[in-house]
Amino acid sequence: MKRLLLMIIFFSISIAGTTYLTLSSDDDNNSEIMSFGYNHNIVKLNKFSLAIGGDYSSNLKGESYFNSYDNLDLASVYLLPSFSISEKISLWTSLGYSLVANDSGIETQCGQNFPGSESGWEGTTEDCELNSGVTYGFGAHVMLGNKIGVGARFTSQPLKLTSYEGAYTYKDMDRVNLYFSYQF
């Protein structure tokens with residue numbers, strides 16, 4: 001994970017765009033989730049802009065997903081349309097796709113009882129897979145100066161575990177948080 005974060009930081013510094021960092025908890029306040037992202041404007045009109053971006057989210061600590069499985073990492077790519085209300089304030093929404101970057105050993109533990117499963121999963125690592133999917137979010141951003149900004153956002157990333165017995169959809173990784181941004 002450290003190598004990936006260093007690559008993202010280097011990439012974001014070398015290309016003009018916006019980076020952001022958040023530290024938050026999930027809706028149940030059981031997890032500490034850190035997100036680092038980058039987006040780059042591809043269309044800029046009068047009050048509308050469209051950016052393409054990426055995000056890496058890591059569950060640093062918590063028990064809200066998979067009964068104390070820490071270090072669940074999700075990576076996502078998204079489109080980010082935003083609408084300027086004034087020179088300093090904008091509203092945005094995002095729509096993209098999220099992938100599981102690190103399942104924290106969940107697929108190898110597929111034979112255990114998981115939340116909501118009465119009989120447990122009878123699968124093995126060959127027929128058990130953790131997936132994410134369509135991710136979305138919305139928020140507001142305020143520029144504090146020429147380069148630094150803050151914002152509030154809601155993001156949601158789905159989680160689903162499948163085996164030959166079927167699929168179990170976990171509670172989405174939803175979070176509301178404040179974030180800090182820097183424009184290069």
Side-chain angles (χ1 to χ4, degrees), residues 1-65 70-102 132-159 171-184:
M1 181 174 109
K2 291 177 186 177
R3 184 178 290 168
L4 179 63
L5 285 175
L6 287 174
M7 288 178 16
I8 291 171
I9 290 170
F10 176 76
F11 178 72
S12 65
I13 291 172
S14 64
I15 296 177
T18 303
T19 61
Y20 59 91
L21 178 67
T22 67
L23 184 60
S24 62
S25 62
D26 64 349
D27 282 349
D28 296 329
N29 207 22
N30 293 331
S31 295
E32 291 179 5
I33 302 168
M34 183 179 81
S35 298
F36 180 80
Y38 172 80
N39 57 63
H40 186 80
N41 277 337
I42 54 176
V43 175
K44 181 100 169 131
L45 300 174
N46 190 16
K47 293 207 175 244
F48 172 80
S49 65
L50 180 66
I52 188 166
D55 184 282
Y56 192 85
S57 299
S58 181
N59 186 7
L60 302 175
K61 176 190 135 209
E63 298 184 0
S64 62
Y65 303 102
D70 297 343
N71 303 319
L72 176 67
D73 297 343
L74 299 174
S76 58
V77 293
Y78 54 84
L79 288 175
L80 182 80
S82 63
F83 306 93
S84 296
I85 296 175
S86 70
E87 285 187 29
K88 299 283 184 185
I89 301 172
S90 61
L91 300 175
W92 59 266
T93 185
S94 66
L95 181 64
Y97 193 78
S98 182
L99 301 167
V100 176
N102 175 17
S132 192
V134 175
T135 180
Y136 63 92
F138 55 87
H141 187 256
V142 178
M143 292 299 296
L144 299 177
N146 290 334
K147 304 244 180 217
I148 297 174
V150 296
R153 72 178 191 156
F154 168 82
T155 55
S156 179
Q157 293 170 302
L159 294 170
K171 183 178 178 186
D172 294 348
M173 190 182 280
D174 294 344
R175 55 206 181 275
V176 176
N177 54 20
L178 296 176
Y179 65 92
F180 299 96
S181 67
Y182 185 83
Q183 291 183 349
F184 292 96

Test applied, side chain to side chain contact (heavy atoms under 4.5 Å, CB included); reference residue, Ser94; option that passes from Leu79, Asn39, Leu80: Leu80

Where Gly145 and Lys88 come nearest, the two heavy atoms and their spacing: O-NZ, 3.6 Å

Closest heavy-atom pair and its distance - Pro158, Gly133: CG-N, 3.5 Å

Pair His141-Ser82, side-chain donor/acceptor within less than 3.5 Å: no

Side-chain heavy atoms of Tyr136 within contact of Phe154, under 4.5 Å: yes

Ring geometry between Trp92 and Tyr179 (parallel below 30°, tilted from 30 to 60°, perpendicular above 60°): perpendicular

Contact summary for Ser156 and Asp174, nearest pair of heavy atoms: OG-OD1, 2.5 Å

Side chain to side chain, Val150 and Leu144, heavy atoms closer than 4.5 Å: yes

Any donor-acceptor N or O pair under 3.5 Å, side chains Thr22, Arg175: no

Gap between atom CG of Asp55 and atom OH of Tyr38 - 0.5 Å precision: 14.0 Å

Value rounded to 0.5 Å, distance of CD1 in Ile52 from NE2 in His40: 10.0 Å

Atom of Ser98, atom of Ser76 and distance for their closest heavy-atom approach: CA-CB, 3.8 Å

Sequence-distant partners of Phe83, ring pair (Phe, Tyr, Trp, His ring centres under 6.0 Å), two or more places apart: Phe48

Reported NZ-to-OG distance for the pair Lys44 and Ser49, which is rounded to 0.5 angstrom: 5.0 Å

Nearest heavy atoms of Tyr97 and Thr135, plus distance in Å: N-CG2, 3.7 Å

Considering all heavy atoms, the nearest Leu74-Gln157 contact: CD1-OE1, 3.6 Å

Distance in Å, Ser90 OG paired with Ile85 CD1, rounded so as to fall on 0.5 Å steps: 7.5 Å

Side chain to side chain contact (heavy atoms under 4.5 Å, CB included), paired with Phe138, selected from Thr155, Leu91, Thr93: Thr93

Between CZ on residue Phe36 and OG1 on residue Thr19, distance to nearest 0.5 Å: 5.0 Å

Sub-4.5 Å side-chain heavy-atom contact between Asp73 and Tyr56: yes

Pairwise distance OG1(Thr18) to CG(Asn41) - rounded to 0.5 angstrom: 6.5 Å

